[in-house]
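The structure appears below as structure tokens.
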2 protein chains.
Amino acid sequence: MYLRFVNDSKMAGRPKIFDEQEVVDKAVNVFWTKGYETASADELLEAMGIGKGSFYLAFKGGKKELYEKSLRQYSDRFNKQFLYDISVSDDPIQLIRNFFMALADDPKSKQMKGCYIGNALVQLSDGDADTKLIAAGLLSGMEDIFTSVIRKAQAQKKLKNKTKPEVLGKYLINLWNGVNVTRRSNPGDQYLREVLEMSLQVLN
Amino acid sequence: MYLRFVNDSKMAGRPKIFDEQEVVDKAVNVFWTKGYETASADELLEAMGIGKGSFYLAFKGGKKELYEKSLRQYSDRFNKQFLYDISVSDDPIQLIRNFFMALADDPKSKQMKGCYIGNALVQLSDGDADTKLIAAGLLSGMEDIFTSVIRKAQAQKKLKNKTKPEVLGKYLINLWNGVNVTRRSNPGDQYLREVLEMSLQVLN
DNA sequence: TATATTATGTACTAATCAGTACAAAAAGGA
DNA sequence: TCCTTTTTGTACTGATTAGTACATAATATA
């Protein structure tokens, strides 16, 4: 149990000129295009629109804390949207198929960026093992979503494939990881769509 | 047409105390565990066992040239071994299956390192677009090996699957890319082997 | 042995890095 | 208005970065 102070209008002292979620979002953009190591603090601060004083006061853990918060915030928002789309869909399995197929339609600029979370797993060195663990956990969360959709669809006889949901879930996160690397090397490849269609036949 | 001078015993001047291929190999180890950006020149030089004078004389392009050479050298050796194994195998398709399944048996330390070439594709920032292109080309070379094995096996009626060899080749390099990310997050996962078996059923 | 050539080790440089120190600014409350 | 609290901007620090300059070492040849 702890108290969390937020700077609402009742709080004394000079008011914050920024919203933490907003600046974290802006940091995501920088980290995503430049990578954790390559993104300099100055660069991040400029994109976030705040100075060093404000930054190191709000993010006592510095660049590392900012990055970890950005991973969690990105993942949380992604998952919430995904879970919502699933909840309102009358065919979640088809939704997942579309979700993957859409990867081939992204503009080249997005294809080159890969998965924000997967990048962390590959880009971080052993010195940042703890942050790597966070990324692994977040990807595992996405895998759990796949698994639960599959389990439900199987229970409702809406999916013929009888493979264990855990295995199909891992199959899908592995497909996700693969495509997000592969499409970097040759964005817009005519064959990638066929690969996706082939890979998704397990959902028929 | 150009002349390439090698420091054999007939050459004048102080003899090199190192073999270029050998020190590049040692650099591969450092780059692989630490990543391109995180591997410092000092660290690389210590692992390579040479001083700055020698290094910047032999590698005029500095760290970047060393990295690109390491990518090519690693890939060339990998492909040569792979092509040799294929050439002496009486069932290349089964060889590829075993090749992938072996990924699940690697020690954790190796699982965490991923694919040396794939890492480059994900770790390099836009500022190193040219090096990224090299990595993409090298992965494409591996894809070509898959494709040619499949084409030949189909022609010899040793592979039932009638999918275009180019698509199956890309499917396999995509599987390679995926597994090399996925296994980083949870090395030794019981389900990964089942995912691989499922993914490789296309080779039945 | 003298000379040309190539390689080596060390000292140095200039830039950049993440992070800190701290005075000034901007608010609320008395 | 003055005091307290919090945020902000700037100047600074010390470490580390990749890379360079250059004197010296070690060889082949004449």
Side-chain angles (χ1 to χ4, degrees), chain A residues 3-24 26-27 30-31 34-70 123-125 127-128 130-131, chain B residues 3-24 26-27 30-31 34-70 123-125 127-128 130-131:
Chain A
L3 289 175
R4 178 170 185 167
F5 293 96
V6 283
N7 190 6
D8 55 29
S9 55
K10 292 177 182 179
M11 179 176 270
R14 184 171 175 172
K16 268 204 177 79
I17 58 163
F18 66 94
D19 175 79
E20 193 170 307
Q21 281 202 45
E22 278 175 24
V23 299
V24 168
K26 286 168 181 166
V30 179
F31 281 131
K34 303 220 47 173
Y36 174 66
E37 207 66 42
T38 316
S40 75
D42 288 345
E43 202 172 1
L44 287 161
L45 292 184
E46 194 185 323
M48 294 160 83
I50 62 178
K52 289 203 159 174
S54 309
F55 176 69
Y56 284 101
L57 182 69
F59 301 86
K60 297 255 163 46
K63 188 177 166 184
K64 183 169 180 170
E65 180 187 335
L66 174 66
Y67 187 56
E68 294 183 351
K69 278 189 173 158
S70 81
Q123 287 169 355
L124 294 175
S125 62
D128 301 301
D130 46 348
T131 311
Chain B
L3 288 177
R4 177 171 185 166
F5 293 97
V6 283
N7 189 5
D8 55 29
S9 55
K10 292 178 182 180
M11 178 176 271
R14 184 171 175 172
K16 268 203 176 79
I17 58 164
F18 66 94
D19 175 78
E20 192 169 307
Q21 281 202 46
E22 279 176 22
V23 298
V24 169
K26 286 168 179 166
V30 179
F31 281 132
K34 303 220 44 172
Y36 173 66
E37 206 66 44
T38 317
S40 75
D42 287 344
E43 201 172 359
L44 286 161
L45 292 185
E46 193 184 326
M48 294 160 83
I50 62 178
K52 291 203 157 174
S54 309
F55 175 70
Y56 283 101
L57 182 70
F59 301 86
K60 298 254 163 46
K63 189 178 165 182
K64 182 168 180 169
E65 179 187 336
L66 175 65
Y67 187 56
E68 293 183 351
K69 277 188 174 160
S70 81
Q123 288 170 354
L124 294 175
S125 61
D128 301 301
D130 45 349
T131 312

Spacing between [X] atom [atom1] and [N] atom [atom2], to the nearest angstrom:
| X | N | atom1 | atom2 | value |
| --- | --- | --- | --- | --- |
| I17(B) | dA25(D) | CD1 | P | 15 Å |
| K63(B) | dT16(D) | NZ | P | 15 Å |
| E37(B) | dT16(C) | CD | C1' | 12 Å |
| D42(B) | dC12(C) | CG | P | 16 Å |
| I50(B) | dA25(D) | CD1 | P | 20 Å |
| L57(B) | dA21(D) | CG | P | 13 Å |
| K34(A) | dC17(C) | NZ | C1' | 13 Å |
| K60(B) | dA21(D) | NZ | P | 13 Å |

From the options [options], select the nucleotide whose nearest atom is closest to the side chain of [X].
| X | options | result |
| --- | --- | --- |
| F18(B) | dG28(C), dT7(D), dT8(C) | dT8(C) |
| S40(B) | dA27(C), dA18(D), dA7(C) | dA18(D) |
| A12(B) | dT5(C), dC17(C), dG9(C) | dT5(C) |
| K16(A) | dT8(C), dA26(C), dT7(D) | dT7(D) |

Would you say L66(B) and F31(B) make side-chain contact, with heavy atoms under 4.5 Å?
yes

Under the salt bridge (charged side-chain N to carboxylate O under 4.0 Å, His left out) rule, what do E65(A) and K69(A) come out as? Steps first, then yes or no, please.
CA-CA 6 Å; E65(A) 180 187 335; K69(A) 278 189 173 158; 2.8 Å; yes

Is the side chain of D128(A) donor-acceptor paired with the backbone N or O of T131(A) at a distance under 3.5 Å, no angle test?
no

I'd like to know if the side chain of K63(A) and the backbone of Y36(A) have a donor-acceptor N/O pair within less than 3.5 Å.
yes

Of all the heavy-atom pairs spanning G51(B) and L45(B), show the shortest one and how long it is.
C-CD1, 4.2 Å

Closer than 4.0 Å, any side-chain N/O of Y56(A) to the OP1 or OP2 of dT20(C)?
no

Strictly below 4.0 Å: does K52(A) bring a side-chain N or O up to OP1 or OP2 of dG9(D)?
no

With DNA chain C as reference, determine whether G53(A) or A39(A) sits nearer its 5' end, using the nearest nucleotide of each.
A39(A)

